[in-house]
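For reference, the structure is listed below as structure tokens.
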Amino acid sequence: MAQISLTFPDGNSRDYAAGVTPAEVAESIASSLAKKAISASVNGAHWDLSWPIEDDAEIAIHTMKDAEPALELIRHDCAHIMARAVQEIWPEVKVTIGPVIENGFYYDFDRAEPFTPEDLGVIEAKMKEIINRRDPVTTEIWERDRAIGFYKANNEPYKVELIESIPGDEPLRMYWHGHWQDLCRGPHLQHTGQVPADAFRLMKVAGAYWRGDSNRPQLQRIYGVAFQNREQLKAHMTFLEEAEKRDHRRLGREMELFHFQEEAPGMVFWHPNGWSIYRELEDYMRRKLTKAGYKEIKTPQVVDRKLWEASGHWDKYRENMYITEIDEEHANEKRTNALKPMNCPCHVQIFNQGIKSYRDLPLRLAEFGSCHRYEAHGALHGLMRVRGFTQDDAHIFCTEDQIEAECARFIDLLSSIYRDTGFSEFDIKLSTRPEIRVGSDEIWDKAESALEKAILSVRNDYEIDPGEGAFYGPKLDFKLTDAIGREWQCGTFQADFNLPGRLDANYIGEDGAKHRPVMLHRAILGSFERFIGIMIENYSGKLPFWLAPRQVVVAAIVSEADDYVQEVTQMLKDAGIRAEADIRNEKINYKVREHSVGKVPVILAIGRKEVEDRTVTLRRLGEKQTSVLPVPQMLDDLTKEAVPPDLR
RNA sequence: GCCGCAGUAGCUCAGUGGUAGAGCGCGUCAUUGGUAAUGACGAGGUCGGGAGUUCAAUCCUCCCCUGCGGCACCA
């Protein structure tokens, strides 16, 4: 029998007979290791203990202490155990797929009746029962026809379809958890008892389309979370509670920032506090853009369909556009307009006015562009997904040769804006040419390498998403990471070789001839609405001083101090600080609590002592200690603190 | 748009086939207090909208709207 050599993580190697399994390897090292082993890495691939190894390889044996493989196996086995539990309770249910996801797993089922939240408890109990049975997990590789025949006989049509879509040369691996069987890539644990029975929980039922296709049957997906032990599960539940506390919809209500109502679904009613944040951010963006060489413009909300037909949007996005018609009785002309769903066609109209020379390029036109899109009902989500929103939009008209420099300038601007708004970390993704596209290969080569070089001029890590570019050009997406580790895609930078041609934009080159400019679509915040939502969640509502809607509340402790409170408040207002006086007939405890809940960063408490000494007692949000300051110093400190980051 | 769940006072929620309740908030009064809730009293509801069943519907049935969790979508 052939010999193979396995190399261990410590660098030592040993010879085994070809076909040896990791379980046997572990046993050869120590029977204690064999008992604890759950899986292995073989040349970096996650390997079931029962799979044979045929060639020389690097191997590492994993135990439950190795978090990554352990979680992967626990979650994957949980998915199978859940599917088994469901079929034990309701044998008519058909199984489909059940992968591992972040923090847990899901499994999609086909069942005529909906699962109810109560069913989840029943399934969970059955799962615990299965875990306690400690049924062995076994695996075999089957021939395609045999597997198809097996699933046909068992009336599992989804499994048949899965097999039919797996390339013919790939082996089909069948797994058994006791008597229950599933088609699965593996690896798995050795028996169901290895799954910790107190570290998983079924979370919710949701609809999901078979193979993610909305034209195909809708299945029922059950989501679960699973961890190595009960403490981790508990920590996860705590994390979810924390995330819920910083939900911008809840904070938006508590801080009186905005609301939504039935008459205008997906459209924001900004309240004074929320609008203050919006305007502060807009002013900041305007300064940043002006300094970065952009010219601000404003274009119409309502534009004739002809322009949308010319740009191609009418054909592609008509169903998501708000169409307006003029009341026939009063109109002396009949025309169909659309509320603009995006700004680019309008920006090209401005570019097209007059004759542009190569000397005008790059021309950077920026607009806080108010757009409307009819988003599907199910897509709406607080400020994060709305139907009326304002983009920090801009289009750079330039030559192919200028793409790289413009992209580098953009990344630079974007980084400083993310830093200033509280996001120090972000990722970049480059999406390259799709199969169906406009523009020559030469121009795609040039543009892709321009974007790539621009990234490399500032950092060396980025992701490539091959074939995911728009049909009109390659793009960069920028994803920022918030305080609790969630990622949000906000910024984008897209080269466009299509629209300038469709809308007949051109410039006169050095050679005196007409040329087509390249158009760069770009946004940093994405939309003000969504970005403010993300900021609220990132800061848990505790916005930095310059953005806080109410920066200071001056609170009287005794009513004798009221006049002085008003005086101090006015001085703050005169200094440009958003300050309010609180001279209500309430105790200081009450006022401190209320303004703390309202996330006011600074409370100035004023009692008899302060009136007498012309001082204030300053308390910062979340801090217990206070400090006594003379008024001029307080004004000086807070005025400095209120300066937006770009003006410091 | 699809699947499931929900909609009762400004907010969070309880409740019943015989037209409603709590806490917080709000108003009035008392209280003048020292850093996360002072007390008393009071006002406040077409029980999301429409239709049906019934002697009677907030409650049961159907349709619609909105929201929530996913899925699909996101120029």
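Residue numbering restarts at 1 for every chain, and letters A, B, ... go by the order of the sequence lines. Scope of the values below: all heavy atoms of this structure, side chains included, with no hydrogens, waters or symmetry mates.
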Counting side-chain heavy atoms from CB outward, which of [options] is closest to [X]?
X        : options                : value
A/Leu380 : B/rG67, B/rC73, B/rG69 : B/rG67
A/Leu621 : B/rA36, B/rC71, B/rA75 : B/rA36
A/Ala376 : B/rG70, B/rA72, B/rG34 : B/rA72
A/Ser596 : B/rG33, B/rA36, B/rA75 : B/rA36
A/Arg593 : B/rA37, B/rA75, B/rG33 : B/rA37
A/Tyr209 : B/rC71, B/rU38, B/rG34 : B/rC71
A/Pro341 : B/rU35, B/rG69, B/rA75 : B/rA75

Checking [X] now: which residues fulfil salt bridge (charged side-chain N to carboxylate O under 4.0 Å, His left out) with it, not counting sequence neighbours?
X        : answer
A/Lys245 : A/Glu242
A/Glu586 : none
A/Asp119 : A/Arg111
A/Glu468 : none

A/Glu367 side chain to A/Thr299 main-chain N or O, any donor-acceptor pair under 3.5 Å?
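Side chain of A/Glu367 to backbone of A/Thr299, a donor-acceptor pair under 3.5 Å: yes, one is there.
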Look at the aromatic rings of [X] and [Y] and report parallel, tilted or perpendicular, splitting at 30° and 60°.
X        : Y        : value
A/His395 : A/Phe397 : tilted
A/Trp270 : A/Trp275 : tilted
A/Phe258 : A/Phe260 : perpendicular

Between A/His271 and A/Glu256, a side-chain donor and acceptor under 3.5 Å
no
A/Gln261: side chain to side chain contact (heavy atoms under 4.5 Å, CB included) partners, not counting sequence neighbours
A/His259, A/Glu263, A/Phe269
Classify the nucleic acid contact of [X] as base, sugar-phosphate or nothing, counting any heavy atom under 4.0 Å across all strands shown.
X        : answer
A/Arg249 : sugar-phosphate
A/Asn320 : base
A/Tyr317 : base

[X] [atom1] to [N] [atom2], straight-line distance once rounded to whole Å:
X        : N      : atom1 : atom2 : value
A/Arg318 : B/rC73 : CZ    : C1'   : 18 Å
A/Asn498 : B/rA75 : CG    : P     : 15 Å
A/Arg221 : B/rG70 : CZ    : C1'   : 8 Å
A/Asn589 : B/rG39 : CG    : P     : 12 Å
A/Trp488 : B/rC74 : CH2   : C1'   : 15 Å
A/Ile603 : B/rG34 : CD1   : C1'   : 13 Å

Within the 4.5 Å heavy-atom criterion, are A/Ile81 and A/Met127 side-chain neighbours or not?
yes
So A/Phe200 and A/Leu233, do their side chains get closer than 4.5 Å, heavy atoms only?
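A/Leu233 does not reach A/Phe200 side chain to side chain.
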What about A/Arg385, does its side chain sit under 3.5 Å from the base of B/rC74 through a donor-acceptor pair?
yes
For [range], which residues have at least one heavy atom under 4.0 Å from RNA chain B?
range                       : answer
residues 553-569 of chain A : A/Ile557, A/Val558, A/Ser559
residues 100-111 of chain A : none
residues 304-312 of chain A : none

Does the gap between the ring centers of [X] and [Y] come in under 6.0 Å?
X        : Y        : answer
A/Phe531 : A/Phe423 : yes
A/Phe478 : A/Trp488 : no
A/Phe105 : A/His76  : no
A/Phe497 : A/Trp444 : yes

Contiguous pairing runs of three or more, Watson-Crick or G-U under 3.5 Å, that involve RNA chain B
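Correct response: B:1-7 with B:65-71, B:10-13 with B:21-24, B:26-30 with B:38-42, B:48-52 with B:60-64.
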So does A/Glu529 pair up with A/Arg385, basic N to acidic O under 4.0 Å?
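Result for this pair is no, no salt bridge flagged.
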Is A/Asp247 salt-bridged to A/Arg249, going by a charged N under 4.0 Å from an acidic O?
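A salt bridge is present here (some side-chain N lies under 4.0 Å from a carboxylate O).
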It should be established whether [X] places a side-chain nitrogen or oxygen under 4.0 Å from OP1 or OP2 of nucleotide [N].
X        : N      : result
A/Arg619 : B/rA36 : yes
A/His381 : B/rG69 : yes
A/Lys591 : B/rA37 : no

Please list, one pair per line, the donor and acceptor atoms closer than 3.5 Å that link side chains of residues 594-606 of chain A to other protein atoms, with sequence neighbours excluded.
residue, atom, partner, partner atom, Å
A/Glu594, OE2, A/Arg584, NH1, 3.2
A/Glu594, OE2, A/Arg584, NH2, 3.0
A/His595, NE2, A/Asp582, OD2, 2.7
A/Ser596, OG, A/Val592, O, 2.6

Atom pairs under 3.5 Å: protein N/O with N/O of nucleotides 3-11 of chain B:
residue, atom, partner, partner atom, Å
B/rC3, O4', A/Gln218, OE1, 2.8
B/rC3, O2, A/Gly207, N, 3.1

Please step through side chain to side chain contact (heavy atoms under 4.5 Å, CB included) for the pair A/Thr336 and A/Ile323, ending with a clear verdict.
CA-CA 7 Å; A/Thr336 306; A/Ile323 311 296; 3.3 Å; yes
Mapping A/Gly266 and A/Lys316 to their closest nucleotides on RNA chain B, which lands nearer the 5' end?
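Counting from the 5' end, the first nearest nucleotide belongs to A/Gly266.
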Using heavy-atom distances to pick each residue's nearest nucleotide on RNA chain B, tell me which of A/Arg373 and A/Leu604 is more 5'.
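Looking at RNA chain B, the more 5' nearest nucleotide goes with A/Leu604.
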Could you write out each protein N or O paired with an N or O of nucleotides 41-44 of chain B at a distance under 3.5 Å?
none

